[in-house]
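The next block holds one structure in the form of structure tokens; read it before the comments.
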Amino acid sequence: MSMSKLFSSFFLCFMFVLFVLDPANAQGLKVGFYAKTCPEAEFIVKKVITQTMSVAPSLAGPLLRMHFHDCFVRGCDGSVLLNSSTKQAEKDAVPNLSLRGFQIIDNVKSALEKACPGVVSCADIVALVARDVVAASKGPSWEVETGRRDGRISNLIEALLNLIPPFANITILKNDFLQKGLSVKDLVVLSGGHTIGTSHCSSFTNRLYNFTGKGIVGDADPTLDPNYVLRLNSRCKPNDVNTLVEMDPGSFKTFDEDYYTLVAKRRGLFQSDSALLNDPETKAYVKLQASTHGSTFFKDFGVSMVNMGRIGVLRGNAGEIRKQCSRVN
């Protein structure tokens, strides 16, 4: 084989690997997707979010969580935003009833429609908003790949089947992330999103009362720090479904590494938080971020958010670009 043919064969193989096997190119996503069609898109999103966070910083957690809940059901297609007249959409599923901030997504969409009608998808808005609320909470910023299209289907049952419950053990967590194409490292890194926001007592009171089901007084989850149990008992009584508790006490409005310090001290609020100590890889990461030797969490979080943002995206002629995020065109 001549050198020119050998080089051509190598080049074609290289291009195949670069453009076909690389997840971002395979899905058609790229940073700056709207550079020509709506060059001010990301600036417009950031402007709305900056205004929102100045008056309602507590929305950062729910808006970040919205991106998680969107991507884990049917992929990152904005289906979590759709309304259903019969209350059968994803947002009507029990795990999504506590989501807030839908009006903020609508505000961003309205601003974008004024500047660039029919161009920016609602799925991309959710991804960009997630990045901007984290940055506005003194957390990291990262380059968001865009180019997603919006889905037309939103199903309550699919949400129930795909969203990871707060009582998940490490086996369930690892399997569910693997099924979405995410790694064990993505699991432990993205769990750090619990550093901002609050939770209803009903998501964890099973850890405080009658944990073994034997009706014993003081029957709490033994993996929880007893002192933390007492503090939670003072906030949450059995069957309390209304009270909100900080997921990262003391800094729940600030995106930082404190989540890992709490988990390392057996003060993770959910069973799924505590479960990170039951696997060598996730435990090692928790210990590393909780140490005083410098954290890699901010950098890692941006990488894992990009990975999650690639789940099941719609491209080409699939889906649509919604005019309103809460309903199909």
Min side-chain heavy-atom separation [X]-[Y] under 4.5 Å:
X	Y	answer
Phe204	Asp221	no
Thr243	Asp240	yes
Ile104	Ile49	yes
Val313	Asp77	no
Ile164	Ser272	no
Arg267	Leu224	no
Tyr259	Leu276	yes
Pro249	Arg231	yes

Salt bridge (charged side-chain N to carboxylate O under 4.0 Å, His left out) partners of [X], counting only residues at least two apart:
X	result
Arg266	none
Asp300	Lys185
Lys299	none

* To do: Please name the residue in the list Leu128, Asp124, Val31 that meets the side chain to side chain contact (heavy atoms under 4.5 Å, CB included) test with Val144.
  =>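 Output: one option passes, namely Leu128.
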* Please answer whether the main-chain N or O of Ala123 pairs with a side-chain N or O of Asp150 as donor and acceptor at a distance below 3.5 Å. =>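 Side chain of Asp150 to backbone of Ala123: a pair is present.
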* **side chain to side chain donor-acceptor pair (under 3.5 Å) contacts touching residues 39-61 (sequence neighbours left out)** =>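 For residues 39-61, and leaving out neighbouring residues, the side chain to side chain donor-acceptor pair (under 3.5 Å) pairs sorted by first residue read Glu42-Arg131.
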* **Residue pairs passing the side chain to side chain donor-acceptor pair (under 3.5 Å) test where at least one lies in residues 102-120, sequence neighbours excluded** =>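 Every pair satisfying side chain to side chain donor-acceptor pair (under 3.5 Å) with a residue in residues 102-120: Gln103-Asn107, Lys109-Glu113.
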Would you check if there is a donor-acceptor pair between the side chains of [Y] and [X] at a distance under 3.5 Å?
X	Y	answer
His194	Asp273	yes
Ser183	Asp186	yes
Thr296	Gln289	yes
Gln271	Asn206	yes

* Val119 and Leu112: side-chain contact (heavy atoms from CB on, under 4.5 Å), yes or no, with the steps? -> CA-CA 8 Å; Val119 174; Leu112 287 167; over 6 Å; no
ILVMFWY cluster, [X] and [Y] together (side-chain gap under 4.5 Å):
X	Y	result
Met247	Leu163	no
Leu59	Phe252	no
Leu262	Val188	no
Leu99	Val126	yes

Shortest non-hydrogen contact between [X] and [Y], atoms and distance:
X	Y	value
Ser79	Ser154	O-OG, 2.8 Å
Leu173	Ala275	CD1-CB, 4.0 Å
Arg149	Ala318	NE-O, 2.6 Å

* To do: Before giving the answer on side-chain contact (heavy atoms from CB on, under 4.5 Å), spell out for Met305 and His67 the whole-Å C-alpha distance, their side-chain angles and the decisive distance to 0.1 Å.
  => CA-CA 9 Å; Met305 286 293 285; His67 189 31; 3.6 Å; yes
* Angle class for the Phe297/Tyr260 ring planes (parallel below 30°, perpendicular above 60°, tilted otherwise)? ->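 Phe297 vs Tyr260 ring planes: perpendicular.
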* With a 6.0 Å cut-off on ring centres, are Phe177 and Phe72 close enough? ->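 Phe177 vs Phe72: aromatic centres under 6.0 Å.
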* Between Val306 and Glu145, does a side-chain contact (heavy atoms from CB on, under 4.5 Å) hold up when you go through it step by step? -> CA-CA 7 Å; Val306 170; Glu145 296 173 344; 3.8 Å; yes
* To do: Might you work through the side-chain contact (heavy atoms from CB on, under 4.5 Å) test for Val245 and Thr198, ending with a clear yes or no?
  => CA-CA 5 Å; Val245 173; Thr198 58; over 6 Å; no
* To do: Identify, with sequence neighbours excluded, every residue that meets side-chain contact (heavy atoms from CB on, under 4.5 Å) alongside Thr261.
  =>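 Here the qualifying residues are Lys265, Ala290.
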